[in-house]
> 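Input: one structure, supplied below.
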Amino acid sequence: MANENKLQAIIGHAKEYGFVFPSSEIYDGLGAVYDYGQWGVELKRNIRDYWWRWMTQMNEQNIVGIDAAIFMHPTTWKASGHVDNFSDPMIDNKDSKKRYRVDHLIEGFAETLPEADGKALLEQMEQLLAADDFAGLKTLIENNKIKCGVSGTVNWTDIRQFNLMFSTQVGSVAEESNEIFLRPETAQGIFVNFLNVQKTGRMKIPFGIAQVGKAFRNEIVARGFIFRMREFEQMEMQFFVRPGTQKQWYEYWKEQRMEWHRTLGIPESKYRFHDHVKLAHYADAACDIEYDFPMGFKELEGIHSRTDFDLTQHQTYSKKKMQYFDADLDENGKAYGNYIPYVIETSIGLDRTVLMILSEAYVEEDLSTEEKQDSRVVLKFIPKLAPIKLAILPLTKKDGLPELAEELMKECRQHFKCFYEEKDTIGRRYRRMDAIGTPFCVTIDHQTKEDQMVTIRHRDSMEQERVPMSEVKNIVMKAINA
RNA sequence: GCGGAAGUAGCUCAAUUGGUAGAGCGAUAGCCUUCCAAGCUAUAGGUUGCGAGUUCGAGACUCGUCUUCCGCUCCA
């Protein structure tokens, strides 16, 4: 299937079978916002839970989790750099339709001038930027006849500001309220709690703090289904290390995170690392793990060596010492003493991971034989991630078969998500379960009443086998934990 | 943001030059001791995205608007 069609097919399937709905659809929807339906939410929770257990329980490193609030003190975002770095005034050239950051446009022009003139221009620009004087900036551009590099014209729109962060007010009376932001990343909730966790948890470096939660970004153009949403969920882990060891830990986490991806059963060829050449202001090394989505290789997860930038910033703004006392001895037999830890960040988009799992699982199979045409759509989730683990299907809805099915339901639903269905032909029920990725179906027939044996049907192979009803729970549990 | 295309039942699509909005699948309720979709019966579901205009009459024509998709741009 052509890739662009595959994305369309996945979007259609996700909506049709209760995985992902457009937000507020009855009111024509809300751009770049989606809701998870009854099966989507199970899939998403399974991914989230697996990531959480892998980080905070299964990992050999010492990692604990937190759940910080979405609302944070406004100074957080000054310290992090989000206020200054993500609210740049922009201007569009009406002829070329090209958009520029105003400061980049003027700086670029200033470089073409004699040094003294360029310097004077930049000083004017700085003053106007500091005063948020957009009209003045536009006048400055026009007076200097700064042209668009593409169209060569000076036909500019008004200057507009694009804020990455959504804001809202805290306080019941508007005049007395304070503007606060919805967090654009979860990481800062970890950094501002660094001391709390380190002290109350008696954490020794190296250690990590994990968090899963919503973040919000006012993307100018948000497209690609649940790939780029304005409200999205991140799974982040900040790993605090001794300064000077960040490089080896960076490499360690690159490998560790790829190991996690391997356990999802996705071929390694569908992934690649993309090393950042141009580094963000806070990083001394950074890379992305990219996955081959239906629309091409795109960033799924970022691994960043964030240095001590964040903790130092918070120390500066909060005037609280973000120090750690390291009693371990160095090669000279001296304690490492006080320092601000360096940080390795792993940050993966949960919604993007859902899209990856859906993309990987979605298969249209042609089952035609010479006698008749046949096909099915099946979601080949690994059992661990499947929304429903087991469907229990009495062959007919009488003769005591539903009663036997209910017995099995009673036992199994204590351990995993089950689905009961007695309507329609058995084949139709199998196919419905294929479409939502249920790995196992168990059929109870008349023979079951005699010998307590049931038919278990495997989703991917469509093969069936007779097993004792008492074994069903264990078979499914084993597959989930594999 | 710009350009292009498209919006009809849950889904896929019909509806002669403007003349009573339909089908298949799906869904629901039944029938059939029914192990891999499309057996039988019945039922529900639509102000044709929304709003104006032209017309005796608009799903169709005109304008506006909203949404989605594709490309560009932007951001990360």
Side-chain angles (χ1 to χ4, degrees), chain A residues 4-5 7-9 11-13 15-18 21-32 82 85-88 90-101 104 148 150-151 157-158 160 162-164 184-185 215 217-225 227-228 230 232 274 276 278-280 286 288 295 298-299 302 304 347 349 352 365-369 372-378 391 393-402 422-435 441-449 454-459 461-466:
Chain A
E4 57 269 28
N5 294 340
L7 183 60
Q8 292 314 311
I11 294 169
H13 190 86
K15 188 184 164 204
E16 191 69 13
Y17 288 93
F21 307 124
S23 163
S24 320
E25 201 186 4
I26 62 168
Y27 295 111
D28 277 340
L30 184 62
H82 284 84
N85 287 326
F86 296 103
S87 58
D88 307 298
M90 314 284 277
I91 193 166
D92 292 4
N93 184 274
K94 288 179 185 168
D95 298 312
S96 66
K97 310 296 183 196
K98 187 141 175 62
R99 174 170 296 157
Y100 296 89
R101 267 176 62 169
H104 287 179
C148 167
V150 176
S151 67
T157 62
D158 284 340
R160 288 169 293 178
F162 294 93
N163 289 308
L164 173 81
E185 64 175 24
R217 289 185 195 174
N218 195 8
E219 302 283 356
I220 298 166
V221 176
R223 289 227 182 117
F225 193 39
F227 182 82
R228 178 168 286 126
R230 296 207 162 94
F232 60 102
H274 172 250
H276 288 204
K278 221 178 101 189
L279 295 169
D288 300 330
M295 60 282 191
K298 299 272 186 190
E299 176 184 349
H304 294 193
S347 174
R352 289 179 179 190
E365 286 182 350
D366 184 0
L367 303 172
S368 298
T369 59
K372 73 167 187 178
Q373 281 208 321
D374 194 6
S375 67
R376 67 168 182 163
V377 174
V378 51
L393 315 170
L395 198 56
T396 70
K397 55 181 147 184
K398 43 188 193 183
D399 303 334
L401 302 189
E422 58 183 31
K423 239 196 90 63
D424 290 322
T425 61
I426 192 67
R428 200 192 290 247
R429 281 179 274 171
Y430 285 158
R431 299 302 174 85
R432 270 202 287 263
M433 287 297 108
D434 289 341
C441 293
V442 156
T443 305
I444 288 150
D445 57 27
H446 295 85
Q447 189 65 29
T448 309
K449 290 190 290 188
V454 297
T455 305
I456 189 162
R457 180 262 195 186
H458 299 267
R459 177 196 63 203
S461 64
M462 298 171 74
E463 278 167 9
Q464 309 185 130
E465 56 179 320
R466 275 313 255 190

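These numbers were taken from a predicted model, which means no experiment stands behind them. Below, chains carry the letters A, B, ... as their sequence lines are ordered, and counting in each starts from 1.
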> What is the distance from NE2 of H13(A) to C1' of rC25(B), rounded to the nearest Å?
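About 15 Å, once rounded to whole Å.
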
> Kindly indicate whether the side chain of P22(A), heavy atoms from C-beta on, has any atom under 4.5 Å from the side chain of K15(A).
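Touching, per the 4.5 Å side-chain cut-off.
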
> On a heavy-atom basis, which atom in L367(A) and which in R431(A) lie closest, and how many Å separate them?
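Looking at all heavy atoms of both residues, the shortest contact is CD1-NH2, 3.7 Å.
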
> Going by side chain to side chain donor-acceptor pair (under 3.5 Å), name the residues that satisfy it together with E365(A), two or more places apart in sequence or in a different chain.
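With neighbours one apart ignored, the set is R376(A), K380(A).
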
> Which residues satisfy the ring pair (Phe, Tyr, Trp, His ring centres under 6.0 Å) test with F232(A), sequence neighbours excluded?
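Checked F232(A) against ring pair (Phe, Tyr, Trp, His ring centres under 6.0 Å); zero matches.
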
> Distance only, no hydrogens: is a donor on one side chain within 3.5 Å (strictly under) of an acceptor on the other, for T443(A) and R457(A)?
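The criterion, which ignores hydrogens and geometry beyond distance, is not satisfied for R457(A) and T443(A).
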
> Distance check, C1' atoms only: rU16(B) and rA58(B), in whole angstrom units.
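Straight-line distance between the two C1' atoms is 16 Å.
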
> Could you tell me the separation between the OH atom of Y27(A) and the C1' atom of rG49(B), rounded to a whole number of Å?
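So the OH-C1' distance, Y27(A) to rG49(B), works out to 15 Å.
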
> In whole angstrom, give me the gap between the P atoms of rG53(B) and rA14(B).
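Rounded to whole Å, the distance is 30 Å.
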
> Mind checking the P distance from rU17(B) to rU62(B)? Whole angstroms is fine.
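Here rU17(B) and rU62(B) have their P atoms 15 Å from each other.
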
> Which pair of non-hydrogen atoms, one from A435(A) and one from H13(A), has the smallest distance, and what is that distance?
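Taking A435(A) first and H13(A) second, the nearest heavy atoms are O-NE2, 2.7 Å.
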
> If you take all heavy atoms of P394(A) and P402(A), which pair is closest and at what distance?
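Looking at all heavy atoms of both residues, the shortest contact is CB-N, 4.0 Å.
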
> In whole angstrom, give me the gap between the C1' atoms of rU48(B) and rC36(B).
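The same atom, C1', in both gives a distance of 38 Å.
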
> How many whole angstroms separate atom CG of N218(A) from atom C1' of rG1(B)?
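In whole Å, rG1(B) C1' and N218(A) CG are 14 Å from each other.
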
> Round to a whole Å and report the spacing from NZ of K298(A) to C1' of rC75(B).
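Distance check: K298(A) NZ to rC75(B) C1' gives 12 Å.
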
> Taking K298(A) first and then D288(A), would you say they form a salt bridge - that is, a charged N and a carboxylate O separated by under 4.0 Å?
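No salt bridge links K298(A) with D288(A).
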
> Could you tell me the separation between the CG atom of L30(A) and the C1' atom of rU68(B), rounded to a whole number of Å?
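Going from L30(A) (CG) to rU68(B) (C1'), I get 14 Å.
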
> Tell me which nucleotide among rU33(B), rC69(B), rC75(B) gets nearest to the side chain of R228(A).
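Within the option list, the nearest is rC75(B).
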
> Could you encode protein contacts along nucleotides 36-42 of chain B as a string, one character per nucleotide from 5' to 3', using B for base contact, S for sugar-phosphate-only contact and - for no contact, with a heavy-atom cut-off of under 4.0 Å?
BBB----

> On RNA chain B, does the nearest nucleotide to R432(A) precede the nearest nucleotide to V454(A) from the 5' side, or the other way round? Give the residue.
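Its nearest nucleotide being more 5', the pick is R432(A).
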
> Atom CD of E299(A) and atom P of rC75(B): how far apart are they, to the nearest Å?
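Roughly 16 Å, once rounded to whole Å.
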
> How close do S24(A) and L30(A) get, counting heavy atoms only, and between which atoms?
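That closest heavy-atom pairing would be OG-CB, 4.4 Å.
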
> RNA chain B in dot-bracket, Watson-Crick or G-U pairs under 3.5 Å, [ ] crossing, | other strand?
(((((((..((((.....[..)))).(((((.......))))).....(((((..]....))))))))))))....

> Distance check, P atoms only: rA15(B) and rA6(B), in whole angstrom units.
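Roughly 15 Å separates the two P atoms.
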
> Determine the Euclidean distance between corresponding P atoms of rC31(B) and rU68(B); express it in Å to zero decimal places.
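These two P atoms come out 45 Å apart once rounded.
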
> Which pairs, protein N/O on one side and nucleotides 4-11 of chain B N/O on the other, fall under 3.5 Å?
residue : atom : partner : partner atom : Å
rG10(B) : O2'  : E16(A)  : OE1          : 3.3
rC11(B) : O4'  : E16(A)  : OE1          : 3.4

> Taking only residues two or more places apart in sequence, or in another chain, which ones meet H276(A) in a ring pair (Phe, Tyr, Trp, His ring centres under 6.0 Å)?
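Expected list: H274(A), H304(A).
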
> When rounded to the nearest Å, what value does the distance between P atoms of rC25(B) and rG39(B) take?
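So the two P atoms sit 8 Å from each other.
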
> OP1 or OP2 of rU33(B) sitting under 4.0 Å from any side-chain N/O of Q447(A)?
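Negative; the distance criterion is not met.
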
> Can you check the L393(A) CG to rU33(B) P distance for me, whole Å?
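That distance rounds to 19 Å.
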
> Taking the P atom of each, how far is rG71(B) from rC61(B), in whole Å?
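Taking atom P in both rG71(B) and rC61(B), they lie 27 Å apart.
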
> Which whole-number value in Å describes the distance from R217(A) CZ to rC75(B) C1'?
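Rounded to whole Å, this separation is 10 Å.
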
> For E422(A) and L401(A), what are the C-alpha separation, side-chain angles and deciding distance, and is it a side-chain contact (heavy atoms from CB on, under 4.5 Å)?
CA-CA 10 Å; E422(A) 58 183 31; L401(A) 302 189; over 6 Å; no

> Between the main-chain N or O of Q464(A) and the side-chain N or O of T455(A), is there a donor-acceptor pair closer than 3.5 Å?
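No, the answer is negative, given that no donor and acceptor are paired below the 3.5 Å cut-off.
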
> Do NZ/NE/NH1/NH2 and the carboxylate oxygens of E299(A) and R228(A) come within less than 4.0 Å?
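No, this pair does not count.
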
